[in-house]
Amino acid sequence: MKLLEINHLKKSFGDLHVLHDISMSVAEGEVVSIIGPSGSGKSTLLRCATMLETMDGGDLIYGGDAAVKNGVYADKRKLAQLKSFYGLVFQNFNLFPHYSVLKNLIDAPIHIQKRGRNEVIAEAKKLLNDVGLAEKADNYPCQLSGGQQQRVAIARALAMNPKMLFFDEPTSALDPELTTEVLKILRQLAEEKMTMVIVTHEIDFAKAVSDRVIFMADGYIVEQGRPEDVLDNPQNPRTQAFLTKVAR
């Protein structure tokens with residue numbers, strides 16, 4: 001089953017055309033990594049897919065249900081319903097600084113999804129345990145390392161029970177040691193068949209966990225396929241040049 005379909009997505013900021021006719025889909029249980037140079041439109045694609053940016057044209061479909069059809073958005077009720085389909089993890093964590101770690105996890109499930117408090121707390125504690133932070137429930141974000149904050153952000157996204165997760169360069173704000181602990185969590189999620197779309201500059205990681213890799217440049221999808229094809233044997237000169245540069 002396709003969880004996400006994007007057809008002919010276009011996005012401009014004034015005279016700057018950022019995304020040109022982007023089409024892609026993501027199947028249930030699939031891990032898709034999006035790589036490419038800075039300014040290629042990767043993050044804008046994610047922001048359009050998660051409705052943080054308004055598409056100028058094209059379709060955005062979740063589980064067969066259209067959020068956007070030919071550039072026209074569905075009504076507010078339908079959009080709210082479809083937004084519960086996915087979670088989003090940012091590169092700069094975006095935790096609420098005045099909330100404890102536990103409150104960061106339970107606030108939205110209780111107030112937005114109207115779920116029972118005791119059930120949500122029990123689930124949140126299990127998620128914190130899963131990401132190795134059970135003992136940090138009462139701490140505040142400022143008391144955590146960057147890697148710990150990112151693991152809390154992943155647990156917070158999972159607390160909403162989404163069908164898929166988007167990650168926008170989840171390790172770009174972290175040093176190498178902290179990067180390793182976050183990538184370990186993503187590997188676990190991939191093994192559990194969580195559907196994920198990951199914008200990343202970690203080429204080895206993309207190769208290890210992805211079912212499919214998409215290479216973007218200048219607002220286009222230039223090449224996509226199995227990691228061993230795109231990363232080990234790229235056909236497009238643009239992909240070849242990028243990977244040669246990254247490998248240096």
Side-chain angles (χ1 to χ4, degrees), residues 3-4 24-47 49-50 86-94 127 130-133 144-158 162-217 221-236 238-248:
L3 287 191
L4 170 67
M24 62 175 283
S25 64
V26 182
E28 191 169 7
E30 193 177 21
V31 178
V32 178
S33 289
I34 303 176
I35 63 168
S38 296
S40 58
K42 306 183 301 291
S43 291
T44 303
L45 172 56
L46 236 60
R47 291 179 67 82
T50 55
Y86 56 80
L88 174 60
V89 179
F90 300 88
Q91 53 186 290
N92 53 352
F93 327 133
N94 282 22
L127 284 169
D130 290 348
V131 298
L133 293 171
L144 306 179
S145 71
Q148 289 171 332
Q149 288 187 56
Q150 191 60 296
R151 283 187 279 155
V152 172
I154 294 168
R156 180 176 66 174
L158 289 167
K163 289 189 169 65
M164 65 183 296
L165 286 177
F166 291 93
F167 294 87
D168 187 9
E169 303 221 4
T171 59
S172 67
L174 306 175
D175 65 35
E177 191 180 343
L178 300 179
T179 292
T180 304
E181 57 184 57
V182 171
L183 295 182
K184 185 181 164 196
I185 302 295
L186 297 189
R187 281 176 197 269
Q188 282 173 12
L189 290 171
E191 283 165 16
E192 291 161 15
K193 292 295 175 196
M194 183 73 197
T195 309
M196 295 188 283
V197 177
I198 308 168
V199 169
T200 183
H201 55 275
E202 302 282 345
I203 303 299
D204 290 341
F205 169 74
K207 190 186 292 187
V209 304
S210 308
D211 298 297
R212 190 153 44 94
V213 172
I214 291 174
F215 173 72
M216 286 184 70
I221 290 177
V222 173
E223 190 165 352
Q224 64 175 308
R226 299 180 311 166
E228 55 268 38
D229 295 333
V230 175
L231 299 175
D232 294 334
N233 189 25
Q235 301 303 301
N236 190 287
R238 190 78 179 77
T239 319
Q240 293 165 359
F242 172 76
L243 291 169
T244 303
K245 194 173 173 187
V246 169
R248 275 182 203 147

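Quick caveat: nothing in here was measured; it's all calculated off a predicted structure.
- Here the CD atom belonging to Glu30 is positioned 9.5 Å from the CG atom belonging to Leu3, to the nearest 0.5 angstrom.
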- Give the C-alpha distance, both sets of side-chain angles, the deciding distance and a yes or no for side-chain contact (heavy atoms from CB on, under 4.5 Å) between Ile34 and Leu45. CA-CA 10 Å; Ile34 303 176; Leu45 172 56; 3.9 Å; yes

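- In this structure a side-chain-to-backbone donor-acceptor pair under 3.5 Å is missing from Asp168 to Phe90.
- Ser145 places a side-chain N or O within donor-acceptor distance of the main-chain N or O of Gln148, the cut-off being under 3.5 Å.
- Using a 4.5 Å heavy-atom threshold, the side chains of Leu127 and Val131 count as separate.
- Side-chain atoms of Asp175 and Leu178, non-hydrogen and from C-beta on, do get closer than 4.5 Å to each other.
- Under the 30°/60° scheme for interplanar angles, the aromatic rings of Phe215 and Phe242 are found to be tilted.
- Taking every heavy atom of both residues into account, Leu46 and Phe167 meet most closely at CD2-O, 3.3 Å.
- The minimum heavy-atom distance linking Leu174 with Gly147 is given by the pair CD2-N, 3.6 Å.
- Applying the 6.0 Å contact sphere to CD of Glu177 captures no more than 12 heavy atoms from other residues, nucleotides or ligands.
- Atoms CG and CD, from Asn236 and Glu223 in turn, are 5.5 Å apart once rounded to the nearest 0.5 Å.
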Distance-only criterion, 3.5 Å: show the donor-acceptor pairs between side-chain atoms of residues 189-201 and protein atoms not counting sequence neighbours.
| from | atom 1 | to | atom 2 | distance (Å) |
| --- | --- | --- | --- | --- |
| Thr195 | OG1 | Gly29 | N | 2.7 |
| Thr200 | OG1 | Glu202 | N | 2.9 |
| His201 | ND1 | Glu169 | OE1 | 3.1 |

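- In this structure, the side chain of Lys42 does not engage the main chain of Met216 through any donor-acceptor pair within 3.5 Å.
- Closest approach of Val213 to Ala206, counting heavy atoms only: CG2-O, 4.3 Å.
- Distance CD1/Ile35 to CD1/Ile203: 4.0 Å, rounded to 0.5 Å.
- Looking at Val182 and Ile154, their side chains come closer than 4.5 Å, going by heavy atoms from C-beta outward.
- Summarising the geometry of Pro37 relative to Arg238, their closest heavy-atom pair is CG-NH2, 3.7 Å, with the distance given to 0.1 Å.
- Heavy-atom minimum distance, Pro162 versus Ala157: CD-O, 3.3 Å.
- Atoms CZ and CD, on Arg156 and Gln150 in that order, are 9.5 Å from each other to the nearest 0.5 Å.
- The CG atom of Leu144 sits 5.5 Å away from the CD atom of Gln149 when rounded to the nearest 0.5 Å.
- Pairing each heavy atom of Leu243 with each of Val230, the nearest pair is CD1-O, 3.4 Å.
- Separation of atoms CZ (Phe166) and CZ (Arg47) is listed at 13.0 Å; rounding is to 0.5 Å.
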